[in-house]
Participant: 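Here you go, one structure.
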Amino acid sequence: MIAGNIEILAPAKINLYLSIKRKRQDGYHELETVMQKINLADRVTLTRVDSGISLRCVQGQNGALTDCSVPGDETNLAYRAASVFFAEAGCDGGVTISLEKNIPVAAGLGGGSSDAAAVLSGLSHLFPEKVSYKKMLELGGTLGADVPFFVDSSAAVLASGIGDVLQPITPLDRCWIVLVNPGFPVSTKWVYDNFALTSGDNPYTLGANFFLNKKLDWFSAMSADLARCSVASLYNDLEMVTEGKYPEIAQCKQRLIEGGADIVLMSGSGPTVFGIFSSEQKAQESHDKCKEKYAAVFLCQPISFQNS
Ligand code: ATP
């Protein structure tokens, strides 16, 4: 057996824009979203062994404590990723997975999906030529709609379909992001189940208005690609669902606005809210202030390069 281990950082994402288009007959929602990887990351260490899959999950030093724990068994997405990899590869061999969780769980930051993608990518290094890159994307899609984005090397994409059709775009650059997680989990399924499609335009455009009125100049200085797909409508359709149930989300946003954020929005199905700052100092000050009130607050930056 060839020995080997590999350590991979599994980054979180934020959704800079999320628009629900329609509900399909099979229950999935078609959407359009801009996803940006950020440098808050879980640490995934894989060690090649003779057979079997085992998983050890620990809370990272800066890990966010929410009251939703990560499953330590075969339902963990990292474990499931290894399972589908070996089924596809059809080879002898196994892996021990060590997962250091830094990304808050059930937070709209894609942590589980990113862990799964890191396991697929890591295993393809430990067991070269067993599973093609194209197959890895396919396997990722069977685990979760966001997994292919994390398997993909792009730092930012415009995703459509059910989130599986990816178009790389120029990532954010030169800005600071403050993440505020109010400390409770939100079920993505619950949010989608409670999202009602209307026949007209979605009336909820607070995020867009806030941004368009105040900060257009800074935003237009960002990449042309990103500006083209989101400047007219920087908002998150799911925000009204999650915020409707949890007023804390509006409070988190308000704090970030008061702290000088250029853009404030909920990520994915929430409840994590992010503020994007063009000033590092303001971001640091806002981070420190939010930390006085919330347990899970992070100062991070976008990943602004495409991995090779
Ligand atoms: P999504 O929007 O894809 O549902 P999220 O970013 O809101 O994801 P995750 O942190 O991925 O949330 O967790 C979603 C659910 O998946 C949680 O209920 C959690 O218990 C379960 N889960 C399974 N594996 C993992 C993992 N490796 N890390 C985090 N959560 C996991």
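All of these numbers come straight from a predicted model, not from anything done at the bench. As the structure lists them, so they are numbered: ligands from 1, and atoms in each ligand from 1. Residues take their numbers from the sequence shown, with the count starting at 1.
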Participant: With a 4.0 Å heavy-atom cut-off (strictly under), which part of Asn76 contacts ligand 1: side chain, backbone, both or neither?
Facilitator: both
Participant: Is Glu258 salt-bridged to Arg255, cutoff N-O under 4.0 Å?
Facilitator: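 Answer for the salt bridge query: no.
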Participant: Are there over 12 heavy-atom neighbours, none belonging to Asp73, within less than 6.0 Å of that residue's CG?
Facilitator: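 Yes.
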Participant: For ligand 1, find out whether one of its N or O atoms is nearer than 3.5 Å to an N or O atom of Val105.
Facilitator: no
Participant: Would you indicate whether Tyr28, at its atom OH, is surrounded by more than 12 heavy atoms from other residues, nucleotides or ligands within a distance under 6.0 Å?
Facilitator: no
Participant: Can you find a non-hydrogen atom of Gly108 under 4.0 Å from ligand 1?
Facilitator: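 Gly108: in contact with ligand 1 (<4.0 Å).
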Participant: Out of all atoms in ligand 1, which are within 4.0 Å of some heavy atom of Lys101? Include the element for each.
Facilitator: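 Answer, ordered by atom number: 28 (N), 29 (C).
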Participant: In terms of relative ring orientation, are Phe127 and Phe86 parallel, tilted or perpendicular, with 30° and 60° separating the classes?
Facilitator: perpendicular
Participant: So, the side chain of Glu88 versus the backbone of Leu139: is there a donor-acceptor pair under 3.5 Å, distance only?
Facilitator: no
Participant: Is ligand 1 under 4.0 Å from a heavy atom in the side chain of Ala116, in the backbone, in both, or in neither?
Facilitator: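 Contact part for Ala116 vs ligand 1: neither.
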Participant: Out of Ser114, Ala10, Ala106, who gets a non-hydrogen atom closest to atom 9 (P) of ligand 1?
Facilitator: Ala106
Participant: What I want to know is whether Asp146 and ligand 1 share at least one N or O pair that is separated by under 3.5 angstrom.
Facilitator: no
Participant: Looking at Lys289, I'd like to know if its NZ atom is crowded, meaning that more than 12 non-hydrogen atoms belonging to other residues, nucleotides or ligands lie closer than 6.0 Å.
Facilitator: no
Participant: Using a strict 4.0 Å cut-off to heavy atoms of Val70, name the atoms of ligand 1 that fall inside it.
Facilitator: 25 (C), 26 (C), 28 (N)
Participant: Closest approach of His287 and Leu299, non-hydrogen atoms and distance?
Facilitator: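 Closest pair (atom of His287, atom of Leu299, distance): CD2-N, 3.5 Å.
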Participant: Which of the numbered atoms in ligand 1 are under 4.0 angstrom from any heavy atom belonging to Leu99?
Facilitator: 27 (N)
Participant: Between Asp115 and ligand 1, which residue portion shows a heavy-atom distance shorter than 4.0 Å: side chain, backbone, both, or neither?
Facilitator: side chain
Participant: Number the atoms of ligand 1 from 1 as they appear, then name those within less than 4.0 Å of a heavy atom of Ser113, with their elements.
Facilitator: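 Contacts of ligand 1 toward Ser113, numbered from 1: 3 (O).
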Participant: Quick one: which of Leu143, Leu109, Leu77 has a heavy atom closest to atom 24 (N) of ligand 1?
Facilitator: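 Looking at heavy atoms only, Leu77 sits closest to atom 24 (N) of ligand 1.
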Participant: From Asn102 CG over to Arg43 CZ, what is the distance, rounded to the nearest 0.5 angstrom?
Facilitator: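 Reported value, rounded in 0.5 Å steps: 7.5 Å.
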